[in-house]
S.K.: 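Dumping the structure here so I can ask a few things about it.
So you know, we letter chains A, B, ... as the sequences are listed, proteins then strands, and number each from 1. Values below: every heavy atom of this structure, side chains too, minus hydrogens, waters and symmetry copies. Owing to the predicted nature of the structure, the values given are computational and were not obtained by experimental measurement.
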2 protein chains.
Amino acid sequence: MANIIDVAQKAGVSIATVSRVVNNSRHKVNQATKEKVLAAIKELDYRPNALAKGLLMKKTMTAGIIIPDISNPYYAEIVRGIQDIADVHGYGIMLLNTDRNKERIIKHILFLREKSADGIIFSGGTIDEEEVLSALGELKERVVVIGRHNVDFPVIAIDNVGGASKATKHLIDLGHRRIGYISGPNNSTTAKERFEGYKTALTQAGYRVDRTLIKNGDLTPSSGYLIAKELIYEKKATAIFTANDQMAIGAIRAAKDLGLRIPEDVAIVGFDNIPITSFIDPPLTTIEIPMYQVGIAAMEMLVNIISEKNSERMRWFSTNLIIRGSTENGKKNS
Amino acid sequence: MANIIDVAQKAGVSIATVSRVVNNSRHKVNQATKEKVLAAIKELDYRPNALAKGLLMKKTMTAGIIIPDISNPYYAEIVRGIQDIADVHGYGIMLLNTDRNKERIIKHILFLREKSADGIIFSGGTIDEEEVLSALGELKERVVVIGRHNVDFPVIAIDNVGGASKATKHLIDLGHRRIGYISGPNNSTTAKERFEGYKTALTQAGYRVDRTLIKNGDLTPSSGYLIAKELIYEKKATAIFTANDQMAIGAIRAAKDLGLRIPEDVAIVGFDNIPITSFIDPPLTTIEIPMYQVGIAAMEMLVNIISEKNSERMRWFSTNLIIRGSTENGKKNS
DNA sequence: CTTTAGAAGGTAAACCTTTACCATAAAATT
DNA sequence: AATTTTATGGTAAAGGTTTACCTTCTAAAG
């Protein structure tokens, strides 16, 4: 790969001049000279080396995204939003999956630091622990966290509590008393917040929280399926609220396999509103999160932080109850 | 961020010694010295700067992934496989979405080249065009392509033709004669290959291909829904084969909304076997691709290529017909 | 006692950029 | 005519590594 010296030689100028042409510097370059340089660049297929540039400028135009699992559509959608904005601003994205594992989180942070990433978008798993915080080092000032709000970072907050509360209240209003909750893994703060909302709604309606109706899943359809079967068959739940849509889809299947009608015998509510929810049968009542918009907001916030534009340190996304056939008859779609 | 000089000073040694300790060099370092250095590193929270290292070594431990759209579960699953292997080998991944747009493909390739990526995994969209090829430059030797085989690169090939042919034959065997095909965008070579398989099966069975039964979708559930409605209602298709599962899910919804029974009135077959397919109603008959394994194979191949281990330049994944309720009654799941 | 080998450490070049600082000449100002 | 600007170009330092090559010293070998 040709370098700036090759170009300078071919064009018969100094490397400074080449650099000026390449970067459209304010330092003037004679038009004729510029054309010579451009010709040389083209002929040699020269591209400035971003490593050298990054090393010198202390700016790499690279951001890291640390998430639990890209194969989860919720994160995939967010990442898409992030990317599209990154693209606009000329940033590249390093994607890292953690499965919410603390060692991996730390390892990935360190990795991004070595690579001189300009910033990090973090979502899922815990970031506010001593070890993680210290791994962050100087990057601590350039982090955007998605989905938490009780954390000392700029944040894209999602109203998980409110959403879960709406979902649960909806089920209560439909007359359900035995409402099961299928949560996520223990280290999913999102699932915990949603659990909060579930409890809030029950408590406010004057019911108590029955621990036997609460189980942890792992956010996959199969875990939703297995746990839903148990909750419905053994615990006699008449309604199930799940921490995400995938598990709700598993729960629907479980109810059907038990020979029950939805929503007449069992009502089911998911969370996230991933694209297929309106196409399954019955269409899934769920809580909508504008995931793509969340991604966009996160990357925009990060870009602002990096370029030291003063930006708000908190962006709040509210959630929306979308009622479909899995809780109410007659509502076939939306 | 502390650098190697700071460490050397604090430990009272030369930078060469620090480097030797950090990289566990074969050049011996006295144990006592080593400990002094390690202590200094810890105290200063030193991390070697990957940019400087990459610049010097011409190796960045970074690979690019160029795909159409991460929010498509098919790619998300593949990317997860890629990542897991990348992780094992200490590689970082730069993810780039193209929407199959040629300009974006080229832009992303150039971007990766400037960043001195060690290699590229490419999937979706066209890579074998003059412009793209020339953008690749020296990276041309370090590309793995997923999902194509008629291309002059190391390749993870997927038997799309065979799979589509199995799917179509399955429908033919069930007695269907008016089998619609919902394809992908025109620049999706995968969708084209699947179309080939569809034609092959029809031809081999002695039927002719009816152009009016073939439409392009955009791989989303809603496009599947819309086109399926048209094919079923206007073109009187009794079976529909789609280029991916998402569109098949849309097609199922369409059939139901038309008041038709599946599979009695309309049979539907998808492609990919994404996780939810077995949970929808009826469970979707589809062609299984081991997406995660494909990702793994791709990254392993790339690692081999980069480290100049001689590796096969072609890995072939066959596809599997999974028969579920959307084509055969009695088969509720699998 | 002399020579040789090995252990341990250091020096400096190379990787590729950007840009502050200089230098020169021509044009504009006084 | 003398002085200041402006246009244009070059030189060299800095950014943080790795490693070939050197140096010094001690221990083994002859």
S.K.: So with a 6.0 Å cut-off around CD of A:E138, is the heavy-atom count from everything else above 12?
M.R.: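 Yes.
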
S.K.: Take the protein atom CE of B:M1 and the nucleotide atom P of D:dG15, then report the distance between them rounded to whole Å.
M.R.: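 These atoms are roughly 15 Å apart.
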
S.K.: Roughly, in whole Å, what's the span from CE in A:M57 to P in D:dG16?
M.R.: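 After rounding, the reported distance stands at 14 Å.
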
S.K.: Given atom CD of B:E138 and atom P of C:dC16, what is their separation to the nearest angstrom?
M.R.: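 After rounding, the gap between these two atoms is 12 Å.
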
S.K.: CG of B:N3 versus P of D:dT18: gap in Å, rounded?
M.R.: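 B:N3 atom CG is separated from D:dT18 atom P by 12 Å.
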
S.K.: Can a donor-acceptor pair be found, under 3.5 Å and without considering hydrogens, that links the side chain of A:K58 to the backbone of A:S116?
M.R.: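 Flag not set: sc A:K58 to bb A:S116 has no pair under 3.5 Å.
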
S.K.: Counting only side-chain nitrogens and oxygens, does A:K58 get under 4.0 Å of the OP1 or OP2 atom of D:dA14?
M.R.: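 False: A:K58 side-chain N/O out of range (4.0 Å or more) of D:dA14 OP1/OP2.
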
S.K.: Under the 3.5 angstrom rule, does the side chain of B:N23 hit a backbone N or O of B:S25 as a donor-acceptor pair?
M.R.: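 Pair absent, no side-chain N/O of B:N23 close to backbone of B:S25.
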
S.K.: Quick check: are there more than 12 heavy atoms from other residues, nucleotides or ligands sitting under 6.0 Å from NZ of A:K10?
M.R.: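 Open.
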
S.K.: Whole angstrom is fine here: how far is it from CD in B:E114 over to P in C:dT18?
M.R.: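 The distance from CD of B:E114 to P of C:dT18 comes to 10 Å, rounded to the nearest Å.
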
S.K.: Phosphate oxygens OP1/OP2 of D:dT17: is one of them under 4.0 Å from a side-chain N or O of B:N49?
M.R.: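 False: B:N49 side-chain N/O out of range (4.0 Å or more) of D:dT17 OP1/OP2.
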
S.K.: Would you check, one step at a time, whether the test side chain to side chain contact (heavy atoms under 4.5 Å, CB included) holds for B:T126 with B:V132?
M.R.: CA-CA 8 Å; B:T126 24; B:V132 182; 6.0 Å; no

S.K.: Using a cut-off of 4.0 Å between protein heavy atoms and nucleotide atoms, how would you tag nucleotides 7-13 of chain D 5' to 3' with B, S and -?
M.R.: SBBBBB-

S.K.: Just the rounded figure in Å: distance from C1' of C:dC16 to NZ of A:K53.
M.R.: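 About 12 Å, once rounded to whole Å.
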
S.K.: Between B:K140 and B:D152, is the closest basic N to carboxylate O distance under 4.0 Å?
M.R.: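 Result for this pair is no, no salt bridge flagged.
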
S.K.: Is there a donor-acceptor contact under 3.5 Å from the side chain of A:Q83 to the main chain of B:L95?
M.R.: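 Indeed, once roles are kept as given, a pair shorter than 3.5 Å links the two residues.
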
S.K.: How close or far is atom P of C:dG10 from atom CD1 of B:I5, stated in whole angstroms?
M.R.: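 My rounded result for the distance is 14 Å.
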
S.K.: If you look at every strand shown and take non-hydrogen atoms under 4.0 Å, does B:R26 touch a base, only sugar-phosphate, or nothing?
M.R.: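 Result for B:R26 = nothing.
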
S.K.: May I have the distance from A:R113 (atom CZ) to D:dG16 (atom C1'), rounded to whole angstrom?
M.R.: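 Distance check: A:R113 CZ to D:dG16 C1' gives 15 Å.
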
